[in-house]
Amino acid sequence: MERYNFKSIEEKWQKYWEDKDTFVTKLDKSKKKFYCLEMFPYPSGKIHMGHVRNYTIGDVLSRYKKLKGFNVLHPMGWDAFGMPAENAARDNNLRPKDWTNSNIKNMKNQLKKLGLSIDWNREISTCSEDYYKHQQTFFLELLEKKLVYRKENYVNWDPVDETVLANEQVIDGKGWRSGAVVERKKLSQWFFNISKFSQDLLDGLEKLDAWPNKVKVMQKNWIGKSFGCEIDFKIEGDLPVNNIKCFTTRPDTLFGFSFLAVSVDHEISKYFKNDIAFEKFKDDCSKTGTTEEAIAVGDKIGFRTNLMAINPIKPDEKVPVYFANFVLMDYGFGAVFGCPAHDQRDFDFAKKYNLNIKTVVRPFDKDKSFKVENEAYSGPGVIINSEFLDGLEAPNNSVIETIKILEKKKLGKKQINYRLKDWGVSRQRYWGCPIPIMYDEKGTPYPIPKSMLPVKLPDNINLNVNGNPLSVKKDWKEITIEGKKYVRETDTLDTFVCSSWYYLRFCSPNKKEYGFDKEDVDYWMPVDQYIGGVEHAILHLLYSRFFMRAINHENSDFNIKEPFESLFTQGMVCHETYKDNKNNWLSPEEIEKVGDNVVKKSNKKEIIKVGPSESMSKSKKNVVDPEFIMKNYGADSVRLFILSDSPPEKDVQWSEQGMVSSYKFIQKLWTLHKEIVIKIKNEKEEKIEHELRKFTNEMIAKITNNVEKFNYNVIVANMYETYNYLINYIKTNSDIKNLEQDYKKILICFSPVIPHFTSECLDDLNSYNSQLNWPSYDQTLLNEKEVNFVVQINGKKRALLSIKKDIEEKDLLLIIK
RNA sequence: GCCCUCGUGGUGAAAUUGGUAGACACAAAGGACUUAAAAUCCUUGCCCUUUUGGGAGUGCCAGUUCGAGUCUGGCCGAGGGCACCA
């Protein structure tokens, strides 16, 4: 028996699909569309197993939808701007453009070898002028709509990458890429007014039924809506400060007020500029620890001013004003009113500085004598010691009632606060989309006229400079328009801007005049299925949702708010980790299993420590190269294996044995195929073969259901089941009727997972063509007349009967008795 | 600390959503073929019983139901997210 030659067969079909434009998509309003999009990759040089998994999942869905008769848009592109290119180019004396383009070429080749059903005619790259010139237009449009603004403020400065980071890019006080401790620096930056849409972004989540709950919860928390009250406190003291505004969610505890605390960056800090003690305090604040957690549990420290704050509902009560390390400048007003009895932070602070702790809420099961002693009480209860607020139920009623009273007395007003802050998009980097802005001699910014777009990135650049190479490139930076001299903005846009609208570009990848064509977008958008890693749950997905709204804003003939109708977040690909006795990481190729031990391949002696299975990463060397695997086992085997074992949303464990068994399975399927072909040739008369017909029908139903529900691991099990059934069936039935028809249906069901193999088999039966349809199944055949009926008495199985399904109840009872 | 998700064999996991728990695969043990190995194929997988059978069993404890892996409440454990957000 000839072996299945995956190499020549996979090449044959990949060439066929390319030559015949099988996956080239055109707008066709007579057909229902399906837009399947996977998160596009960063062109780092080679694809990794994570890509293989992500794109295989998307490909199964795309191929299935195509067979179901949908007009499928399944594009691919490159998230091609970003720092690695700049660093690699500098280290290897290349241009970032060349490094990126050669990586793209290589990765495109690798993706093609996976046999993905991608319309490569729509390929886009965010670093090409064709792409970023439209992005610059969007930037200017957003500027016109006042959704972009410039402001000077403190930024997260990464001293290693020498750039600004968004809040989301700071993890545990360190840069997400470099790992360097982030510093505070004051800079002028461009901002997208994402916070304008806080409420809308929150409301939109409600309608995203086909998004994982986890992601919605993360976005909800990130937006961080809180309902409360703005209170204006009168201030007394020897400084020209008359009042300080605070935001609070618990105005009902105002009678427990015992101090007021402001951030060290609060505007009143200007009066303390020459105060040495204050400057020292400020220093101490920045030293309280590096990780967020350390700060959270760290000491509460304060600096007492001579100012006193007056309790607005008890004007004879005055409390001290402090600067405190735990008050954040960029939330609320950078000032809080302290009620130690009912807020743990305030409690800790009050204990430290011996401030008054006055109980104003009692739990339901305690009486009026209840007193907060060892920790703050922030639970529900009843208001006490609060004059006209006494007896209100806290917090729900009491908060609303208190706000009403404060509003009536003009002491405060209802306010809703969001944690979500505006998106700083300026990056002090070369390899990004230039911001289309110029400044006159006074430093006033002007938009670059749209007719002069794109602002091209200069090709020849010296990367061996500190900071942004663009800022020292004079011949690019300085321009003259109508005799007037300007300097260009040298910051480039955060690469997350590029990925915030690429899904629109795929609809009209070749449109010259604008980023997209309305007719295309009306037809293709929204993305019906978006697939990618959960690590983008907040950043990329929130920014994309913002961008769609920003384009919609003040645009009456455009009406799509949510770019991604459904979202699927796939799990990571994991592998065991290995360390030698010097604690060096070893790659899977460097080890060998001997009996119960794992040893070093090079000397076969040294015992290797096997660590837990973790997400594949270069630093831990637990990576398996897809190119190597595809070369050895073929694309179909890899696709099959990456889908088997674990549900797509969970992490999958890479195993060599599993991979080999998938490969063997393809070989076994091929042997089976050849036997079936012989049987088919010997087939004489057309006659319905009932048992096989029933099996096929059931299997089609199962696989259809499993594709729809993303149970791709179960599809693989279904494929094994089918093989086990057929191999046995062929052995025990010498004269098989009607086999060809059923077998073809089965091949089509397998085709989303192993497309090269099934195409070859169908071709072998002279049945491969572009008009193939997903087989339907007969629901009535599923409800077969004979069913297994389990007789249970008190939940225990007592008998197993094979009975007719439409039997009368009384007859059934008779049989049982 | 707050929020979310999940607990099924040695392992990854199935279970048409309340109806025969463990499909399918990996690993293991035993066997067949072979001079031998590899490959391939078959069998086994908790407890009692020689077999036929029977029993327990989906983290733990209760509850609802003729019937619970699935629903409800409480507890225990694991993973993830957020974290001085007033």
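As the structure is a prediction and not an experimental result, all values here were calculated from the model.
- Atom-to-atom, CD of Gln219(A) to P of G80(B) comes out at 21 Å; the value is rounded to the nearest Å.
- Phosphate contact (OP1/OP2 of A13(B), side-chain N/O of Ser646(A), threshold under 4.0 Å): present.
- Val327(A) comes within contact range of at least one nucleobase, with a heavy-atom separation under 4.0 Å.
- The CZ-C1' distance, from Phe665(A) to U40(B), rounds to 16 Å in whole Å.
- Residue side chain Lys300(A) reaches the base of C84(B) through a donor-acceptor N/O pair under 3.5 Å, judged by distance alone.
- Nucleic acid contact class of Gln653(A) (heavy atoms, under 4.0 Å, all strands): none.
- The shortest distance between the side-chain N/O atoms of Ser644(A) and the OP1/OP2 oxygens of C24(B) is not below 4.0 Å.
- The distance between atom OH of Tyr322(A) and atom P of C84(B), rounded to the nearest whole Å, is 22 Å.
- Among the atoms of the strands shown, none is found under 4.0 Å from any heavy atom of Ser662(A).
- Backbone-only contact: Asn724(A) has heavy atoms under 4.0 Å from sugar-phosphate atoms and none from a base.
- Contact annotation: the side chain of Leu411(A) never approaches that of Asp232(A) to less than 4.5 Å [non-hydrogen atoms, C-beta and beyond].
- Across all strands shown, A21(B) remains unpaired; no Watson-Crick or G-U wobble contact has both distances below 3.5 Å.
- Glycosidic conformation of G9(B): syn, with the torsion inside 90° of 0.
- The residues Lys414(A) and Glu407(A) are annotated as not salt-bridged, no charged nitrogen and carboxylate oxygen being separated by less than 4.0 angstrom.
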Margin query: Under the criterion side-chain hydrogen bond (donor to acceptor under 3.5 Å, both in side chains), I'd like the reasoning laid out for Asp422(A) against Ser195(A): C-alpha separation, chi angles, the key distance, then a yes or no.
Written below: CA-CA 5 Å; Asp422(A) 282 341; Ser195(A) 65; 2.7 Å; yes

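- Checking Gln199(A) against Lys225(A) by side-chain atom types alone, a donor-acceptor pair falls below 3.5 Å.
- Distances were taken from every side-chain heavy atom of Lys709(A) (C-beta onward) to each of C85(B), C84(B), U17(B); the shortest belongs to U17(B).
- For Asp645(A) and A27(B), the CG to P distance is 11 Å, given to the nearest whole Å.
- G53(B) sits 24 Å from U58(B) when the C1' atoms are compared, rounded to a whole Å.
- The shortest distance between side-chain heavy atoms of Phe233(A) and Ile310(A) does not fall below 4.5 Å.
- The side chain of Asn221(A) places no N or O atom within less than 4.0 Å of a non-bridging phosphate oxygen (OP1 or OP2) of C2(B).
- Lys216(A) comes within contact range of no nucleotide atom at all, as no heavy-atom separation falls under 4.0 Å.
- Nucleotide C3(B) holds its C1' atom 12 Å from the CD1 atom of Ile538(A), rounded to whole Å.
- Residue contacts for Ser655(A): at a heavy-atom cut-off of 4.0 Å it reaches no nucleic acid atom on any strand shown.
- Residue Lys650(A) places its side chain closer to A13(B) than to any other of A83(B), C3(B), A13(B).
- Here U65(B) sits opposite no nucleotide as a Watson-Crick or G-U wobble pair (both hydrogen-bonding atom distances under 3.5 Å).
- Comparing C84(B), A14(B), U17(B) by their closest approach to the side chain of Pro647(A) singles out A14(B).
- Relative to the ring axis of Trp670(A), Arg3(A) does not place its NZ or CZ within 45° and under 6.0 Å from the centre.
- When rounded to the nearest whole Å, the span between CZ of Arg3(A) and C1' of A39(B) equals 10 Å.
- Ring geometry for Tyr725(A) against Tyr729(A) counts as parallel: the plane angle stays under 30°, on a 0 to 90° scale with 60° as the upper cut.
- Distance from the side chain of Leu328(A) is smallest for A86(B) among the nucleotides A86(B), G12(B), U40(B).
- Side chain of Val714(A), nearest nucleotide from A14(B), A86(B), C26(B): A14(B).
- Side-chain atoms of Arg345(A) lie closest to C85(B) of the nucleotides C85(B), C24(B), U17(B).
- Nucleic acid contact class of Tyr720(A) (heavy atoms, under 4.0 Å, all strands): sugar-phosphate only.
- Nucleotides U8(B) and G22(B) have their C1' atoms positioned 8 Å apart, rounded to a whole Å.
- Comparing Asn711(A) and Tyr331(A), the nucleotide of RNA chain B nearest to each residue sits closer to the 5' end for Asn711(A).
- Here the nucleotide nearest the side chain of Asn213(A), chosen from C84(B), C4(B), A25(B), is C4(B).
- Map Tyr723(A) and Gly658(A) each onto its nearest nucleotide of RNA chain B; the residue landing nearer the 5' end is Gly658(A).
- Across all strands shown, A78(B) pairs with U5(B); the Watson-Crick or G-U wobble distances both stay below 3.5 Å.
- Between Lys702(A) and Glu721(A) a salt bridge is recorded (basic side-chain N to carboxylate O distance below 4.0 Å).
- Put simply, CG on Leu640(A) is 20 Å from P on G12(B), counting in whole angstrom units.
- Comparing the P positions of G9(B) and C4(B) gives a spacing of 27 Å, expressed to the nearest Å.
- Counting non-hydrogen atoms under 4.0 angstrom, Asn713(A) reaches the backbone sugars and phosphates but no base.
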